[in-house]
Amino acid sequence: MSVYKDTKNNTWKVYYRFTDWQGKVHQSTKRGFPTKREALAWEREQLHKVEADLAMTFESFIDTYTADMKNRLKENTWHTKEHIIRTKLLPYFAKRKMNSIQPKDIIAWQNEMIKCRDKSGEAYSPVYLKTLHNQLSAIFNHAVKFYGLKDNPAAKVGNMGKAKAREMLFWTQEEYKKFSEEMMDKPVSFYAFEMLYWCGIREGELLALTPADFDFDRETVTISKSYQRISGRDIITDPKTPKSNRTIKMPEFLCEEMQDYMKQLYRIGKNDRLFEVTKSYLHHEMDRGAKAAGVKRIRIHDLRHSHISLLIEMGYSAVAIADRVGHESINITYNYAHLFPSTQSDMADKLNQFRKDGASDVIKEQGRA
């Protein structure tokens with residue numbers, strides 16, 4: 001690299017070469033530095049990046065991390081990561097050298113995040129705080145694993161917040177019935193909530209549905225994609241997890257309802273979205289319907305919890321429910337254990353009987369002796 005004075009503009013410029021991953025050498029110029037000192041500083045930083053020298057700044061390493069990771073992740077996943085990096089990490093660590101960031105710096109950053117307030121004046125939730133720390137730690141782990149950073153200062157400090165989300169809420173069938181009656185004035189809302197409640201699908205899965213996903217002869221709907229709105233663009237991605245790809249058997253009445261709904265849509269194509277609304281629209285409709293019906297306001301995702309709790313009440317196993325909703329059965333067992341009281345009681349009763357039967361056998365043996 002070389003630094004020169006640009007006499008025409010009275011600024012400084014840097015000529016530099018770099019070799020790409022295919023071994024090709026490229027040459028370029030960076031112009032517009034007000035001083036030679038700034039030009040030299042930029043040149044030095046580029047050399048650190050080219051050589052993967054962790055004397056580079058956190059900000060420069062983020063460029064490396066982005067190049068390594070962005071194309072390996074779903075667009076919506078990267079969008080979430082990028083937002084956290086840009087708004088919560090770079091403002092604090094941008095100019096710090098990667099190899100000089102210490103555990104005490106992580107603690108100071110954690111304290112800043114704990115003190116932060118959102119637009120409504122509320123502190124960040126424990127779950128969100130944990131998410132922020134996890135992202136910072138992931139960046140340092142990447143530096144340790146691939147670029148020779150000695151250790152991860154975020155891992156030494158440990159996490160903040162906690163993993164457990166807010167207590168899940170759910171509607172009883174009676175509460176949902178009251179709500180759905182209030183939705184009948186808007187067909188798109190009524191049928192959307194019917195799919196959410198009676199199939200237990202996720203919000204993004206609902207919004208990605210097309211007529212081609214339904215097989216009314218077999219009374220099924222196939223979940224194979226998810227909808228996201230990112231930077232003003234409609235994005236269709238794979239579902240949340242591989243297990244989320246599934247075919248759901250629909251109740252007969254729901255098949256009839258969805259056929260009626262599709263007949264109302266003018267010239268809809270087989271691969272056109274059935275519900276061309278936003279997540280924000282559904283949230284507003286949830287507000288409206290819950291208020292009008294006089295039932296507690298729950299989140300859209302809680303309709304999924306409501307479906308699962310209904311299936312538990314009907315006596316289905318965790319394995320059967322997991323297959324239907326695209327979950328691991330162990331997660332169903334763990335997250336909804338409190339809704340299986342009859343199972344727990346039955347276990348206790350059988351253990352009690354087993355103990356009694358065992359004691360009776362011992363007494364009988366002693367009698368024979």
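Owing to the predicted nature of the structure, the values given are computational and were not obtained by experimental measurement. Along the sequence shown, residues are numbered consecutively beginning with 1.
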Item to check | Greater than 12 external heavy atoms within 6.0 Å of Lys225's NZ | outcome: yes
Next on the checklist: Would you say CZ of Arg96 has more than 12 non-hydrogen atoms from neighbouring residues, nucleotides or ligands within 6.0 angstrom?
Outcome noted: yes
Next on the checklist: How long is the straight-line distance from CG of Leu149 back to CG of Asn141, given to the nearest 0.5 Å?
Outcome noted: 9.5 Å
Checklist entry - What do the steps show when you test Tyr227 against Asn76 for side-chain hydrogen bond (donor to acceptor under 3.5 Å, both in side chains), and what is the final call? => result CA-CA 10 Å; Tyr227 167 87; Asn76 56 311; over 6 Å; no
Checklist entry - Passes salt bridge (Lys or Arg N to Asp or Glu O under 4.0 Å), Asp287 versus Arg297? Steps please. => result CA-CA 7 Å; Asp287 288 337; Arg297 168 62 160 92; 2.5 Å; yes
Next on the checklist: Taking the side chain as everything from C-beta on, heavy atoms only, tell me whether Ile62 gets closer than 4.5 Å to Leu90.
Outcome noted: yes
Next on the checklist: For the CD1 atom of Ile300 and the CE atom of Met286, what is their distance to the nearest 0.5 Å?
Outcome noted: 4.0 Å
Item to check | Aromatic ring proximity His305/His301, centre distance under 6.0 Å | outcome: yes
Item to check | Side chains of Asp213 and Leu274 in contact at under 4.5 Å (non-hydrogen atoms) | outcome: no
Next on the checklist: Does Lys291, at its NZ atom, have more than 12 non-hydrogen atoms belonging to other residues, nucleotides or ligands within less than 6.0 Å?
Outcome noted: no
Item to check | Check: Arg229 main-chain N/O paired with Arg233 side-chain donor or acceptor under 3.5 Å | outcome: no
Next on the checklist: Checking Glu276 against Arg273 for the salt bridge (Lys or Arg N to Asp or Glu O under 4.0 Å) test, could you report, in this order, the C-alpha distance in whole Å, the side-chain angles of both residues, the deciding distance, and whether it holds?
Outcome noted: CA-CA 6 Å; Glu276 292 192 316; Arg273 287 175 54 217; 5.1 Å; no
Checklist entry - Step by step, would you call Glu203 with Arg299 a salt bridge (Lys or Arg N to Asp or Glu O under 4.0 Å)? => result CA-CA 11 Å; Glu203 197 173 0; Arg299 298 168 299 167; over 6 Å; no
Next on the checklist: Any heavy-atom pair between the side chains of Phe140 and Met98 that's under 4.5 Å?
Outcome noted: yes
Checklist entry - Centroid-to-centroid, Phe275 to Tyr191, below 6.0 Å? => result no
Checklist entry - In terms of heavy-atom contacts, does NZ of Lys74 have more than 12 from other residues, nucleotides or ligands at under 6.0 Å? => result yes
Next on the checklist: Quick check: do His142 and Phe61 have side-chain heavy atoms less than 4.5 Å from each other?
Outcome noted: yes
Next on the checklist: Working to the nearest 0.5 angstrom, can you tell me the gap between Leu311 CG and Ser306 OG?
Outcome noted: 11.0 Å
Checklist entry - Any side-chain heavy atom of Met160 sitting closer than 4.5 Å to one from Lys130? => result no
Next on the checklist: Are Ser309 and His307 packed together at the side-chain level, in the sense that at least one heavy-atom pair is separated by less than 4.5 angstrom?
Outcome noted: no
Checklist outcome for this item: Rounded to the nearest 0.5 Å, the NZ atom of Lys178 sits from the CD atom of Gln173 at a distance of 13.0 Å
Item to check | Intermediate values then yes/no, salt bridge (Lys or Arg N to Asp or Glu O under 4.0 Å), Asp323 and Arg246 | outcome: CA-CA 8 Å; Asp323 286 341; Arg246 62 200 188 278; over 6 Å; no
Next on the checklist: Between Trp198 and Phe253 (judged by ring centroids, cut-off 6.0 Å), do the two rings come close enough to count as a pair?
Outcome noted: yes
Next on the checklist: How about CZ on Arg117, more than 12 heavy atoms from neighbouring residues, nucleotides or ligands closer than 6.0 Å, or not?
Outcome noted: yes
Checklist entry - Hey, what do you get for CE (Met113) to CG (Leu132), rounding to the nearest 0.5 Å? => result 7.0 Å
Item to check | Intermediate values then yes/no, ring-ring contact (aromatic ring centres under 6.0 Å, His included), Phe179 and Tyr197 | outcome: CA-CA 11 Å; Phe179 169 83; Tyr197 182 79; 9.4 Å; no
Checklist entry - Above 12 or not: heavy atoms from other molecules or residues under 6.0 Å from NZ of Lys36? => result no
Checklist entry - Can Thr57 and Ser60 be said to form a side-chain hydrogen bond (donor to acceptor under 3.5 Å, both in side chains), step by step? => result CA-CA 5 Å; Thr57 62; Ser60 290; 3.2 Å; yes
Item to check | Neighbour count above 12 (heavy atom, 6.0 Å) for His283 NE2 | outcome: yes
Checklist entry - Do Tyr128 and Tyr124 have ring centres separated by under 6.0 Å? => result yes
Checklist entry - If you count the non-hydrogen atoms of other residues, nucleotides and ligands that lie under 6.0 Å from CZ in Arg86, is the total more than 12? => result yes
Next on the checklist: I want to check something: taking the side chain as every heavy atom from C-beta on, are Asn245 and Ile223 in contact at a cut-off of under 4.5 Å?
Outcome noted: no
